[in-house]
Protein chains: 2
Amino acid sequence: MKNPAGTNSADKILAAATRIAQAHGYGGLSIRDLAEDVGIKAASIYHHFPSKADLAAAVAKRYWEDSAALLEAMWKELNDPLAWLRQYPNTFRKSLENENRICLCSFMGAEYDDLPQPVKDEIQRFADVNVAWLGKALSAASLVDADETERRARAIFAAIAGAQLMARSRSDITLYDALLESYRAAGLLPA
Amino acid sequence: MKNPAGTNSADKILAAATRIAQAHGYGGLSIRDLAEDVGIKAASIYHHFPSKADLAAAVAKRYWEDSAALLEAMWKELNDPLAWLRQYPNTFRKSLENENRICLCSFMGAEYDDLPQPVKDEIQRFADVNVAWLGKALSAASLVDADETERRARAIFAAIAGAQLMARSRSDITLYDALLESYRAAGLLPA
DNA sequence: ACCTGAACACCGTTCAAGT
DNA sequence: ACCTGAACACCGTTCAAGT
């Protein structure tokens, strides 16, 4: 590695592109704006990534990799299964705190029809990683029957994505908290 | 009224624009494509709607009005509170059946940052109408405490939107059904 | 390797001119 | 009233040419 992480152009482009895509989606990710953000010309972006599709796929790949690392760290940091499930929604809350952004996976889920296949694949990996982690946590907590953990994990993931989306469309992060509290009160998540 | 509903140009434009927006969003709604869909030239769209923002606001307005009428009809057709709550997710299922489209409100919720204010307002009305209806149904069913109905109604709406989004990103309508079943098993919706 | 000007195809929008 | 071709200023994207 020549440079520390985040200091070379490709890293800067990926970081800026992620921020833009979380607020404006794939369609709203403008190469000209992105280039200006990074401090180069639009055409120069294509020196680092062969196309917008490749760039977006790289963004989505790094996105789920970072998410996996974060979940792994949380797993090691806490040792209470209920604490894992308590903490989990916070990663989605962070996006809203970050200027009302949402999960890349949610935005691109909406844009699904217009996504290049490689981007679709990486986006699905994000959901897979999250659902798998939730399944592990649910199993450890012994909250639902073994043959129901996978289904429940998916339901929790979908419901949290929906809560994030609704909170964004009201620009109201307290709505996100209230929705999560309702999920807990209803029994979808442990109280 | 000169023509039956849906036969004049403005109606055809609104219907086509709605379909496009449910698949590609506000940003993905191209006036040129829309015009071709309707069989006129792009410039002619502006004879019926002064701007894209006005068109989108009209689309969103009609969308929640249609939704309100549909919910009203369902209310009158069935007389069992539990049947209302059973039937409700079907309206969202219909969008997915219709070539993997999603609720206009969900897509534009993601695009929130890029929406003209009049469009934002109409989109919020859709959520308001749906949450209010769900609240009425929950009250009638006496499923949750009176001071919890509003919160629960919002939670159900958000969770269903999330399920629809996740199902779209997998192009898998059976996933939508499975998620709804999990919500019921978990206690978010009546079984 | 890294960057760029210029070109291309597209977009929302306008307008004068048609029926 | 309703429609249109042509034009405008713009933008994402590409590519050949620079250093």
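To find a chain, count down the sequence lines: A is the first, B the second, and so on, and within it residues start at 1. Worth knowing before you read on, the calculation uses all heavy atoms, side chains too, and leaves out hydrogens, waters and symmetry mates.
Using a 4.0 Å cut-off between charged nitrogen and carboxylate oxygen, B:Arg62 and B:Glu122 do not count as a salt-bridge pair. A salt bridge links B:Arg170 with A:Asp128: at least one charged nitrogen is closer than 4.0 Å to a carboxylate oxygen. Contact check on A:Arg184 versus A:Glu181 returns a salt bridge, with a Lys/Arg side-chain nitrogen under 4.0 Å from an Asp/Glu carboxylate oxygen. Ion pairing between a basic and an acidic side chain is recognised when a charged N comes within 4.0 Å of a carboxylate O; B:Asp113 and A:Arg168 show such pairing.
Remark: B:Lys61 is not positioned above the aromatic ring of B:Phe126, lacking an NZ or CZ atom under 6.0 angstrom from the ring centre and at most 45 degrees off the axis. Under the 6.0 Å distance and 45° angle rule, B:Lys52 does not count as a cation-pi partner of B:Tyr46.
Across the protein-nucleic acid pair, B:Ile40 atom CD1 and D:dC3 atom P stand 5 Å apart, rounded to whole Å. One atom, NZ of A:Lys41, and another, P of D:dT19, lie 17 Å apart when rounded to the nearest Å. The distance from atom CZ of B:Phe49 to atom P of C:dT14 is 16 Å, rounded to the nearest whole Å. If you measure from atom NE2 of B:His47 to atom P of D:dC3, you get 7 Å, rounded to the nearest angstrom.
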If you write DNA chain D from 5' to 3' in dot-bracket form, with Watson-Crick or G-U pairs under 3.5 Å, [ ] for crossing pairs and | for pairs with another strand, what do you get?
||.|||||...|||||.||
Are A:Thr91 and A:Met74 close enough, and set up right, to give a side chain to side chain contact (heavy atoms under 4.5 Å, CB included), and what steps lead you there?
CA-CA 10 Å; A:Thr91 65; A:Met74 198 198 303; 4.1 Å; yes
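Checked by atom type, the side-chain pair B:Ser51/B:Asp54 shows a donor-acceptor distance below 3.5 Å.
Using a 4.0 Å cut-off, some side-chain N or O of A:His48 falls inside it from OP1 or OP2 of C:dC3. OP1 or OP2 of C:dT4 sits under 4.0 Å from a side-chain N or O of A:Ser44.
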Within the sub-3.5 Å range, which N or O atoms of nucleotides 10-13 of chain D have a protein N or O partner, and how far apart are they?
{"from": "D:dG12", "atom 1": "OP1", "to": "A:Ser30", "atom 2": "OG", "distance (Å)": "2.3"}
{"from": "D:dG12", "atom 1": "N7", "to": "A:Arg32", "atom 2": "NH1", "distance (Å)": "2.2"}
{"from": "D:dT13", "atom 1": "OP2", "to": "A:Tyr46", "atom 2": "OH", "distance (Å)": "3.4"}
{"from": "D:dT13", "atom 1": "O5'", "to": "A:Tyr46", "atom 2": "OH", "distance (Å)": "3.2"}

